[in-house]
Amino acid sequence: MHIYIGVVWYKNPHEDREFWIRGALNAIEGARNTRFSIVEVDNSEANFGSQEAVRELGPGVPLLSLSSYGNIGFGAGHNRLMSSAFLEGADFYIGVNPDGAFHRQSLSRLIPRLAAEPSNLYEMRQFPTEHPKHYSPDTGETLWVSGAAFAMSKTSWETIGGFDEAFFMYCEDVDLSWRFRLRGNKCITVADSLYYHNAANRKSSPLIQQRFLLSGLVLGKKYGIDTLVQRCEAELVSMGVPLNAVASDMKLPAELIEKFDPRIYFSSDFSFSPVRWSL
Amino acid sequence: MGGLVPDQLRDGYLSILIRFHDSRELESLDLALFSLANQGYQKVQAIICCQSFSLAELAEVQSIVDQTITPSDFEVDILNGDFGKGDHRSDLLNLGISAVRGQFLGFLDYDDVIYQGSYSYLIAQLDATPAAVAAFAGINQAIVDKAGYNYYCERKNRMLREGHKLEFFSGNQYPIHSGIINLRRVNPQLIRFDSDISRNEDYIFFMRILCTGPWCDRRKNFDIGEYMMRSDGSNTVVAGNSMDDEDKAFAWRRAYERFISERNKMVAHIEVSELVEFLSYTKRPASDYTALTSDVTQLAEALLRSKSWRYTRSFRRLSRLLTGRGYIDLSSPETAREAVKLIQTISFSKSWAISAPLRMLYSILKKLR
């Protein structure tokens, strides 16, 4: 099995990148009998036009650095990495946020799950501030998978595709998850596979709020969720944001749209799931 | 055992004491270390204080440490105190204190976690507040089903956020890992836990220090970590889920009495401005806090007086008699904090005794259907 780990950087300090790489290599070392490569791209505007490069990180672990197209968005960044990974022969792609770290046993615990049911979409459990959305403690099944630490197979990539690039940031993972579920696949939280990711004390800003709402608007339009569209439009208008040219890049087939039941996903607004707590 | 050695303290370094008394809990220790290594503040000395571990057990702890990726300035010391079995938390913490080399001192239980940015934030608060001896921030309580990597978090709550900072002198609002101390501003002789107690030892420890100077209370501003409370009742606080709860409650009550005795010997140096602020705070008519206190106390008392609670008492008495242990009744709460603890005991309980009326009702209803 050949697994590519992908990370999209954005203005991360050099020492943070090195620390992340040390953590990734530590987790790779803990996962035996699996071949790993790491693929990265830097979405920082300052890095635009950088050269593609390959270097060896450790024994048998190459790091492929793609040239930067600037800040093309989270999903588009991972799509580039996934294209490259699967073209190079990856069986699975694990995409993670740059502001995190692998637990050393995270990969060894994730891989058997991937191998057993490659058609599902997986997430590593975020630690110590996991998303409060519900998952089954027994099966790990959940309504959507976070893009902060996700995994999918080449077969899924070929049949379902990657992220819809109409989402610049936020909700692209919800959309991808829904597309998996609409095709009869599952979204699974692998609870004992931990990825350090901190969401505590995060300050919101008008820009973040705007990006959330724009993504919510794309999601609402794509799936025909009128309540979400109305809410996002109203809030965006109050913020003075123009609403033109907000549309999905990926149209869903009519038979999938017919299957979609928005009531399943809207018990708590942008959580898109019942939640276990609200702090 | 020696105490703090002021001459060996290094500026800007943070020493974190991790008490670790049960070698079966390695996965929890691993997670605490994982959180500590990734919290962002670089100059850290983690001191793991083990209790009477064998060489093999110490090797396992060392293995966990060796496999954890840490920043370059991050050091880990493993100490082993030969205290025998039993609860020796104060001894373990004192053992760790003798090895402290950081200007700042904090604590992390082996089964708790710290959030990213927490120590940087607390140290910044201390740096920005002249003479502040300590800084505290908010802790969240995570109710989890079990220990280890595969725990399921059932819910999270903010802990102990209400109230004025000076209310610390009447009820502990600072869990042990919710703050750090600037050792350069504290008499080294105060950096010691009372060895003869195993409840409220942290409360007495912090109170002695906070009597000597101002401190920063940022519980409402910043969340710094999580206190993991297991729904199987295996924490050392009263959890309400096992028949041992009455023993635990009794131990807490004894500790409370000891605390009162210690507290009454202390003299606090409080800035007049803070005292005035506190007095005006307590005089606020129907503030959220007083309403909460009143509600919580009434709720706890109502639970104690309820027929279902009284109903279970006979079962609990019988159970204690059959197991050869004396019956210790839970009494009415005297403070809001005691009331909260009692409500948690009852609310989170899965014990046979407490849930008996509900289960009996269920079985009756089932037969009637």
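Convention: sequence-line order gives letters A, B, ...; per-chain numbering from 1.
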Taking the six-membered ring of B/Y13 (Phe, Tyr or Trp), confirm whether the NZ or CZ of B/R10 is under 6.0 Å from its centre and within 45° of its axis. yes
Test of understanding: with side chain to side chain contact (heavy atoms under 4.5 Å, CB included), list the residues that count as partners of A/F212, not counting sequence neighbours. A/Y170, A/I208, A/F270
Determine the interplanar angle of the B/F136 and B/Y174 rings, folded into 0 to 90°, and report it as parallel if under 30°, tilted if 30 to 60°, perpendicular if over 60°. parallel
Can you name the salt bridge (charged side-chain N to carboxylate O under 4.0 Å, His left out) partners of B/R219, sequence neighbours left out? B/D217
Closest non-hydrogen atom pair between A/F36 and A/P62, with its separation: O-CD, 3.6 Å
With a 4.5 angstrom heavy-atom cut-off, could you sort out which part of [X] is near chain A: side chain, backbone, both or neither?
X      : result
B/L31  : both
B/E226 : side chain
B/Y151 : both
B/N140 : side chain

Between chain A and each of B/V113, B/N221, B/D145, B/T70, count heavy-atom pairs under 4.5 Å; write down the option with the most. B/T70
Is the closest basic N to carboxylate O distance between A/K11 and A/D16 below 4.0 Å? no
Tell me, side chain or backbone of A/R22 under 4.5 Å from chain B's heavy atoms, or both, or neither? both
When the 4.5 angstrom heavy-atom criterion is applied to A/F102 and chain B, the contacting part is backbone
Among A/R109, A/R276, A/E130, the residue with the most heavy-atom pairs under 4.5 Å to chain B is A/R276
